[in-house]
Chemist: 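Quick one: structure below, then a few questions.
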Protein chains: 2
Amino acid sequence: MTVDEIIERIEHHYLTLTDESKHELVKVSKMLTLDKETILVKEGQFADKTYFIVQGSARAYYLKDGKDITDWFAFENDFIISINSFFLGKPSAHYIETVEPSTLLEVSTDDIALFSERYREIDKLGKLVITKTMLQLQQRVVSIQFETALQKYENLVRIRPDITQRVPLTHIASYLGMTLETLSRIRKPERRI
Amino acid sequence: MTVDEIIERIEHHYLTLTDESKHELVKVSKMLTLDKETILVKEGQFADKTYFIVQGSARAYYLKDGKDITDWFAFENDFIISINSFFLGKPSAHYIETVEPSTLLEVSTDDIALFSERYREIDKLGKLVITKTMLQLQQRVVSIQFETALQKYENLVRIRPDITQRVPLTHIASYLGMTLETLSRIRKPERRI
DNA sequence: CGCCGAGTTGAACTGAATCAAGAAACGTGG
DNA sequence: CCACGTTTCTTGATTCAGTTCAACTCGGCG
């Protein structure tokens with residue numbers, strides 16, 4: 001898969017870009033093929049890259065009292081960045097790593113900023129990504145707050161049925177805000193197949 | 001306070017607008033003075049207005065099994081909308097009402113959409129508001145997920161010390177995802193003053 | 001002055017956490 | 001291709017934070 005084809009996929013999933021901005025994007029985009037568990041961003045680092053997931057998956061996580069807490073998953077056609085580093089210019093509070101062997105598109109944050117100023121559609125693309133993220137977070141707040149462990153798990157599986165095949169349960173448990181033991185117990189009754 | 005002055009306040013808190021876009025905004029903005037507990041948006045309604053809070057406060061809430069659950073507060077210089085209606089064009093899942101007697105600026109969503117296309121700064125203003133909301137939601141997920149009831153309450157009070165003076169405890173409790181009884185118990189030990 | 005909604009307090013209950021073992025799956029080298 | 005060690009997941013017993021249900025207090029308002 002070429003960078004051009006990937007940009008087309010971004011257009012397909014988000015919005016159409018002008019030829020000029022697309023051309024500029026292609027020039028600064030780098031395709032990466034990585035093993036699983038490859039760290040893209042470390043805590044404390046200024047996250048100066050934005051990643052688009054072509055194939056595979058990644059997660060953002062942080063350490064809370066030594067425990068690894070996942071707080072975002074990204075799959076095919078998702079973007080992933082360290083949001084507080086990107087938007088607040090602060091050192092990243094998160095690590096970001098691939099979960100599966102993955103193909104990613106990497107663009108430097110500086111280029112994104114430059115192109116957002118220069119090309120309105122790139123700015124709109126950013127706005128669209130942020131909007132989707134915001135709506136997803138909103139849903140997540142509701143889900144965390146008033147659903148039982150089982151409901152939260154079922155919700156996640158409904159939205160992303162293949163997640164249990166692709167991501168270790170530990171990460172799913174911490175993402176859902178429960179212990180691995182609880183997740184295991186919840187899953188048991190429905191482990192047909 | 002005039003509409004012009006309010007627009008200046010928006011500029012001060014968000015970003016500078018061009019004279020032209022400001023002028024257009026003033027033309028379509030309406031100032032409202034409302035009693036407390038005035039409903040601005042009803043569930044099921046297409047939320048076709050955006051509100052900026054000049055003075056006072058408002059909240060977005062929904063009914064879950066008949067119970068009133070607050071999921072957003074807005075105070076001076078905040079915007080408040082029904083996000084799923086605004087961004088997904090769906091009927092609102094939320095009610096929005098004033099909490100205190102309030103002064104609001106009202107702009108129709110159609111005008112916002114029009115101006116966002118026409119004036120780049122308006123689009124950027126929207127992006128900025130969404131970005132801030134996203135970051136706040138992100139923080140909230142972390143807070144809900146791994147903090148005790150006491151820590152969540154203390155966090156909220158740290159960010160917004162006057163909230164307990166301005167908003168009934170029932171709303172604060174549901175916003176924090178706990179019962180009123182729990183909130184009451186938590187507050188007791190520190191109810192000095 | 002008495003009522004009513006908001007907040008408080010108490011006692012029993014419960015969903016999930018914690019701590020502690022085990023079982024299964026996985027991959028690495030012989 | 002199998003044995004061994006490591007990591008991932010499961011299961012069990014106990015504990016605990018927060019819920020639920022119920023009664024009570026307080027302050028404001030008609």
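Chain A is the first sequence line, chain B the second, and so forth, proteins listed ahead of strands; every chain is numbered from 1.
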Chemist: How many Å lie between CG on A:Leu176 and P on D:dC9, as a whole number?
Modeler: 14 Å

Chemist: Find which nucleotide of DNA chain C each of B:Glu37 and B:Glu181 is nearest to by heavy atoms, and output the residue with the more 5' nucleotide.
Modeler: B:Glu37

Chemist: Side chains of residues 121-129 of chain B: which donor-acceptor pairs under 3.5 Å do they make with residues two or more places apart or in other chains?
Modeler:
residue  : atom : partner  : partner atom : Å
B:Glu121 : OE1  : B:Thr18  : N            : 3.3
B:Glu121 : OE1  : B:Thr18  : OG1          : 2.9
B:Glu121 : OE1  : B:Ser21  : OG           : 2.7
B:Asp123 : OD1  : A:Lys127 : NZ           : 2.5
B:Lys124 : NZ   : A:Glu117 : OE1          : 3.2
B:Lys124 : NZ   : A:Glu117 : OE2          : 3.0
B:Lys127 : NZ   : A:Asp123 : OD1          : 2.6

Chemist: Could you tell me whether the phosphate oxygens of C:dA17, OP1 or OP2, come under 4.0 Å of any side-chain nitrogen or oxygen in A:Thr182?
Modeler: yes

Chemist: So is A:Arg187 actually on top of A:Tyr153's ring, under 6.0 Å and inside 45° of the axis?
Modeler: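 No, A:Arg187 does not lie over the aromatic ring of A:Tyr153.
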
Chemist: Between B:Tyr153 (OH) and D:dG18 (P), how many Å, whole number?
Modeler: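 Distance check: B:Tyr153 OH to D:dG18 P gives 15 Å.
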
Chemist: In whole angstroms, how far is the P atom of C:dA16 from the CD1 atom of A:Ile144?
Modeler: 14 Å

Chemist: State the CG-OG distance between A:Leu137 and A:Ser143, to the nearest 0.5 angstrom.
Modeler: 12.0 Å

Chemist: Looking at A:Arg185 and C:dT18, is any side-chain donor or acceptor paired with a base atom of the opposite kind under 3.5 Å?
Modeler: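 Present.
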
Chemist: For DNA chain C, whose closest nucleotide is more 5', that of A:Ala149 or that of B:Pro168?
Modeler: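 Final value for this comparison: B:Pro168.
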
Chemist: Given side chains that start at C-beta, do those of B:Tyr51 and B:Val107 come closer than 4.5 Å, heavy atoms only?
Modeler: no

Chemist: Atom CG of B:Leu150 and atom C1' of D:dT19: how far apart are they, to the nearest Å?
Modeler: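 So the two atoms are 17 Å apart, to the nearest Å.
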
Chemist: So, is the end of the B:Arg140 side chain (NZ or CZ) under 6.0 Å from the ring centre of B:Tyr175 and within 45° of the ring's axis?
Modeler: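 Relative to the ring axis of B:Tyr175, which defines the angle, B:Arg140 lies inside both limits.
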
Chemist: When the distance from CG of A:Asp68 to C1' of D:dT8 is rounded to whole Å, what number comes out?
Modeler: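 It works out to 14 Å between those atoms.
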
Chemist: Rounded to whole angstrom units, what separation is found between the NZ atom of A:Lys152 and the P atom of C:dG15?
Modeler: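 Computing the A:Lys152:NZ to C:dG15:P distance gives 14 Å.
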
Chemist: Less than 4.0 angstrom between a side-chain N/O of B:Thr170 and OP1 or OP2 of C:dG7, yes or no?
Modeler: yes

Chemist: So does B:Ser184 get a side-chain nitrogen or oxygen closer than 4.0 Å to the phosphate oxygens (OP1/OP2) of C:dT8?
Modeler: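 Indeed, a polar side-chain atom of B:Ser184 lies that close.
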
Chemist: What's the CG-C1' distance between B:Asp65 and D:dT20, to the nearest Å?
Modeler: 15 Å

Chemist: Using a cut-off of 4.0 Å on non-hydrogen atoms, how would the nucleic acid contact of B:Leu183 be classed: base, sugar-phosphate, or nothing?
Modeler: nothing

Chemist: With a cut-off of less than 4.0 Å, is there a side-chain N or O of B:Thr148 near OP1 or OP2 of D:dA17?
Modeler: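 Checking B:Thr148 against D:dA17: no side-chain N or O falls below 4.0 Å of OP1 or OP2.
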
Chemist: Between P on C:dG15 and CD on A:Gln151, what's the gap in Å once rounded to a whole number?
Modeler: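 These atoms are roughly 12 Å apart.
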
